[in-house]
A.B. asks: 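Please see the structure below; I have some questions.
If you're wondering where the values come from, they're calculated on a predicted model, not measured in any experiment. Order of the sequence lines fixes the chain letters, A, B, ..., with proteins taken first and strands second; residue numbering starts at 1 for each chain.
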2 protein chains.
Amino acid sequence: MEAYDFIKKAIIQGDYKSGKRLTEESLAKELKLSRTPIREAIKRLESERLITPLKRGVIVRKFTREDIKQIYDLRALLEGYAAAQGAIERNDENLQKMKEANDNFRKILKETNAKDSEQIKEIMNVNNNFHQGVLEASQNEHLRFHISNVTVLPLVFRSFYWYNQQQLNRSLELHETMYSAIYSKDRERAKTAMLEHIYQGRDHVLKHIEENDLFEEEEKK
Amino acid sequence: MEAYDFIKKAIIQGDYKSGKRLTEESLAKELKLSRTPIREAIKRLESERLITPLKRGVIVRKFTREDIKQIYDLRALLEGYAAAQGAIERNDENLQKMKEANDNFRKILKETNAKDSEQIKEIMNVNNNFHQGVLEASQNEHLRFHISNVTVLPLVFRSFYWYNQQQLNRSLELHETMYSAIYSKDRERAKTAMLEHIYQGRDHVLKHIEENDLFEEEEKK
DNA sequence: AGTTGATTGTTTGTATACAAAGTGATACGA
DNA sequence: TCGTATCACTTTGTATACAAACAATCAACT
């Protein structure tokens, strides 16, 4: 369990890069554990598809452009639905959580113009809290589970590092639109804002990896 | 791997019933394996949420009415989207597969009025093939993965056992509507038919378990 | 009688040893 | 030089042993 959390975090944060080979023994040595708990962690990560099985051992999963597009489409579908449902089902606690996240978001953007890594972590955090709030508002545990599997990808996680100030402001704006829509039980407006927010993220990520040529192309035959 | 398949199948088919305690040793004895491969299987099933971890060991997951509703809502969302996308992205191979499934479906319904368990298995099979075809047509691997995790639940799997002839006919009808909609690239009609098909399934399952009082209620405090 | 504590047995967590299977390198022959 | 066979090495798969955590039972004390 400890091993699972450690490896998962390392993958999401990009410490273990795409394509990196993970062998049980080296992980065991690094985490000072035997191979047994490592094996369990690997099996779980495999079924979450964060790692790819080879004929022999596993590597950290590689994502193609096509993957990114598909994943964001899926995310838009799921989170759009969550926003729409949330607008109907939300309770006071949910509203509270969303509001708090947005207040903090605004505070962070106001206080500092410096884009240091501390600020980015805080932004990732409030962004996460807000989405969490929307999800909880939807009152659908299963929806929540599937979204969390879609959101956890390294590229999604790291995307905030490449946002500029204007994009961050737009994000906050959309969060606040969502909040007010969910508050006033406006399904459609909540959904629309969520979709724009997510597509903003998608375009941003795609552009970033295009510009930086971040994809090692898959092997050509 | 072998252990994983075996246990998963047993759960889906209902051989291991909801709430059944699974201990590593007894499974090891039953499958004539050591505990190690059993452990891996259990970890995977846990992350697919087919089993629930206890403080000590695991049990086959119990589903509540609320679970069923949420799962079907999710399935409608995902498969509805798959149908809509499929109507745009489908290729000849996809169409072929869907058509074949439906032809077989019709044949099965025509040939036999007897509702024996052999027929039911065949129907589950063609139904599965058709949905598979729609999924493939959507050309979204990630969508496919998530749907497969939603569809695999015991109650969903077994639902065909309780369909009557009229409901089966209606299912086929909807399949054929979907096929023709996807063939002629009619997004909306494809989606609508899929939604009706899935909600038909949901209402059916809910009614069945209501009538047969299939839920042991969760413990009351 | 009811509550608490100790004891015993069961089940999981972790480590390790050994077998099996894949990978790579080298040497030999065509 | 190229291909192939063999051998050594690495890495995973499985079994098993032991330790730790938990559960259940029973007894003793209030």
A.B. asks: Within this structure, what is the CD-to-P distance between B:Glu40 and C:dG13, rounded to whole angstrom?
C.D. replies: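 That distance rounds to 14 Å.
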A.B. asks: Rounded off to whole Å, could you give me the CZ-to-P distance for the A:Arg21 and D:dT10 pair?
C.D. replies: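 Taking CZ of A:Arg21 and P of D:dT10, I get 13 Å after rounding.
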A.B. asks: Classify A:Leu22 by what it touches in the nucleic acid, base, sugar-phosphate, or nothing, heavy-atom distance under 4.0 Å.
C.D. replies: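 Contact class for A:Leu22: sugar-phosphate only.
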A.B. asks: Not counting sequence neighbours, which residues clear side-chain hydrogen bond (donor to acceptor under 3.5 Å, both in side chains) with B:Glu89? List them please.
C.D. replies: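 Testing B:Glu89 for side-chain hydrogen bond (donor to acceptor under 3.5 Å, both in side chains), a comparison that skips the adjacent residues, returns none.
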A.B. asks: Are B:Asp73 and B:Arg202 ion-paired here, with the side-chain N under 4.0 Å from a carboxylate O?
C.D. replies: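 A salt bridge links B:Asp73 with B:Arg202.
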A.B. asks: CD of B:Glu24 versus P of D:dA15: gap in Å, rounded?
C.D. replies: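 So the two atoms are 13 Å apart, to the nearest Å.
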A.B. asks: Rounded to whole angstroms, how far apart are CG on B:Leu54 and P on C:dG13?
C.D. replies: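 So the two atoms are 12 Å apart, to the nearest Å.
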A.B. asks: Rounding to a whole Å, what distance do you find between A:Glu25:CD and D:dC9:C1'?
C.D. replies: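 Checked: the CD to C1' distance equals 13 Å.
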A.B. asks: Do nucleotides 18-23 of chain C as a string where each nucleotide becomes B, S or -: B if the base has a protein heavy atom under 4.0 Å, S if just the sugar-phosphate does, - if no protein is that close.
C.D. replies: ---BSS
A.B. asks: How would you list, by chain and number, every residue that makes a side-chain hydrogen bond (donor to acceptor under 3.5 Å, both in side chains) with A:Ser159, sequence neighbours excluded?
C.D. replies: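 Not a single residue meets the side-chain hydrogen bond (donor to acceptor under 3.5 Å, both in side chains) criterion with A:Ser159.
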A.B. asks: Could you pull out all residues at least two apart from A:Arg144 that satisfy side-chain hydrogen bond (donor to acceptor under 3.5 Å, both in side chains)?
C.D. replies: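 A:Arg144 satisfies side-chain hydrogen bond (donor to acceptor under 3.5 Å, both in side chains) with no other residue.
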A.B. asks: B:Lys29 NZ to C:dT11 C1': how many Å, rounded?
C.D. replies: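 It is 13 Å, rounded to the nearest whole Å.
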A.B. asks: Counting only side-chain nitrogens and oxygens, does B:Ser34 get under 4.0 Å of the OP1 or OP2 atom of D:dA15?
C.D. replies: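 For B:Ser34, the contact criterion (side-chain N or O under 4.0 Å from OP1 or OP2 of D:dA15) is met.
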A.B. asks: Can you check the A:Arg39 CZ to C:dT12 C1' distance for me, whole Å?
C.D. replies: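 After rounding, the gap between these two atoms is 17 Å.
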A.B. asks: List in chain and number order the residues that pass side-chain hydrogen bond (donor to acceptor under 3.5 Å, both in side chains) with B:Glu46, two or more places apart in sequence or in another chain; answer none if no residue qualifies.
C.D. replies: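 B:Glu46: no side-chain hydrogen bond (donor to acceptor under 3.5 Å, both in side chains) contacts found.
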A.B. asks: For A:Tyr16, what residues pass the ring-ring contact (aromatic ring centres under 6.0 Å, His included) criterion, not counting sequence neighbours?
C.D. replies: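 Scan of A:Tyr16 (ring-ring contact (aromatic ring centres under 6.0 Å, His included), adjacent residues dropped) gives none.
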A.B. asks: Mind calculating the distance between CD1 (A:Ile38) and P (D:dG13) to the nearest angstrom?
C.D. replies: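 These atoms are roughly 14 Å apart.
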A.B. asks: For B:Thr23, answer base if it contacts any base atom (sugar-phosphate contacts may also be present), sugar-phosphate if it contacts only those atoms, and nothing otherwise; contact means non-hydrogen atoms under 4.0 Å.
C.D. replies: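 Counting heavy atoms under 4.0 Å across all strands, the contact made by B:Thr23 is with sugar-phosphate only.
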A.B. asks: Would you give the length of the straight line joining atom OH of B:Tyr199 to atom CG of B:Leu195, rounded to the nearest 0.5 angstrom?
C.D. replies: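 Spacing of OH (B:Tyr199) from CG (B:Leu195) equals 6.0 Å.
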